[in-house]
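Data block below; observations after.
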Amino acid sequence: MSRGRFRTWELVTVIALIAALVVGYLLAVVLAPDGATFEGTDATVGAMLPAEPWAEPLFSPASYGPEVEAGLFAIQAGVGGVVLGFLLGRLTRRVPPDAAEE
Amino acid sequence: MHIAEGMLPPLHCAAWFAASAPFVIHGAVAVVRSSRERPENKLLIAAVGAFTLVLSALKLPSVTGSSSHPTGTGLGAAVFGPPVMALIGTLVLLFQALLLAHGGLTTLGANVFSFAVAGPWAAYGAFRLVRALRPPAWLPVCCAMFVANLTTYLVTSAQLALAYPDAAGGFAAAFAKFATVFALTQIPLAAAEGVLGVLVFGFLARAARPELVRLGLLSEGARV
């Protein structure tokens, strides 16, 4: 199994890609029109619909305030991140079959 | 792409449930079969599921002054095929509908169809198409992520246009109206998602190389 170390150009590429993502994120904030609220497109399109909802959510975190809703989203990302990190860690630490046989 | 609770007419809700259900059932069978035949795949299936959960929870700003979120379904579609993502995507949407009021139970069928069926299938098609051209291993994954994201939002636009056609221009005008709102925000995010997919695939190529080789995504000596 090939699990060699990163080559220099590979490391540079990974760092450049991560930097590009961070710069892109910052540029989006900086270049946005003045007074931009960064409202979600789902909500924007929802407001364009010529109808009222005929059903309500069973649980609506927004009714407890925007902080609660944002917090729940953050928890979802956090839970997913922890699980993803754990799984990637498990994958990385596995003993290669050829090494186990030796 | 999350159509909110109660925002589609009941008939449309039922139709999208009926359209999505076979894909989700097929996906459940595919996950069980893959896990039984290759127990070592379980970790990787869970990892692509967690990746989708994380990405679909991230609200990212765009240069248009609005925000949206990536989908993350393209990676799993490329690695395991679209059926697996039908189940994983459904579980993610169910979680968001019940706990975050993002999407809804009545619109779950429509959201599943755009997020967990159309996006992954389009991603898989793009992945296979680009891969047939024999580019570097990272490029098909990048294209799959990009296409999954955009397709999801285009299908959502079509679903809304079907439910609420424009009084003058009908379906086409309504589709253009909704797709324009989504596309301006989504194209930069889809590109960013493609880059992120390359990074994660590069990591998996090291951590889960045996699985990726067995799945035919990598050759033994290939570097990503």
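To find a chain, count down the sequence lines: A is the first, B the second, and so on, and within it residues start at 1.
Ranked by heavy-atom pairs under 4.5 Å with chain A, the list B/Val92, B/Ile3, B/Val54, B/Leu100 is led by B/Leu100. Counting heavy-atom pairs closer than 4.5 Å to chain B, the top residue among A/Ala55, A/Gly78, A/Gly46 is A/Ala55. Residue with the most contacts toward chain B among A/Gly81, A/Ala20, A/Gly40: A/Gly40 (heavy-atom pairs, distance under 4.5 Å). Of the listed residues A/Thr44, A/Leu87, A/Asp42, the one with more heavy-atom pairs under 4.5 angstrom with chain B than any other is A/Asp42. In terms of non-hydrogen atom pairs under 4.5 Å with chain A, the most contact-rich of B/Leu53, B/Val213, B/Thr107 is B/Leu53. Interface check for chain B: of the options A/Leu21, A/Ile18, A/Val82, A/Leu58, the most heavy-atom pairs under 4.5 Å are formed by A/Leu21.
Within the structure, every pair that satisfies the ring-ring contact (aromatic ring centres under 6.0 Å, His included) test and touches residues 149-168 of chain B, not counting sequence neighbours, is listed here: B/Tyr153-B/Phe182. The side chain to side chain donor-acceptor pair (under 3.5 Å) analysis of residues 46-55 of chain B, with sequence neighbours excluded, yields no pairs.
Between B/Ala50 and A/Gly80, the shortest heavy-atom distance links the atoms CB-O, 3.8 Å. Annotation for B/Ala47 and A/Leu84: closest pair O-CD1, 3.3 Å, computed over non-hydrogen atoms.
Shown here are the ring-ring contact (aromatic ring centres under 6.0 Å, His included) partners of A/Phe73, two or more places apart in sequence or in another chain: B/His102.
A distance of 9.5 Å separates CG in A/Leu88 from CG in B/Leu43, rounded to the nearest 0.5 Å. Note that CD1 of A/Ile75 is 10.0 Å distant from CG of B/Leu99, once rounded to the nearest 0.5 Å. One distance of note links CZ of B/Phe178 with CE of A/Met48; it measures 5.5 Å at 0.5 Å rounding. The structure places CG of B/Leu105 at 12.5 Å from CD of A/Glu56, a figure rounded to the nearest 0.5 Å.
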Test side chain to side chain contact (heavy atoms under 4.5 Å, CB included) on B/Phe203 and A/Thr92; report intermediate values, then the result. CA-CA 9 Å; B/Phe203 185 86; A/Thr92 307; 3.4 Å; yes
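Interface residue A/Leu17: backbone and side-chain heavy atoms are both found under 4.5 Å from chain B.
Annotation for B/Arg214: atom CZ counts as buried by contact number, over 12 foreign heavy atoms lying within 6.0 Å.
Of residues 4-15 of chain B, those residues lying under 4.5 Å from chain A by any heavy-atom pair are B/Glu5, B/Gly6, B/Met7, B/Leu8, B/Pro9, B/Pro10, B/Cys13.
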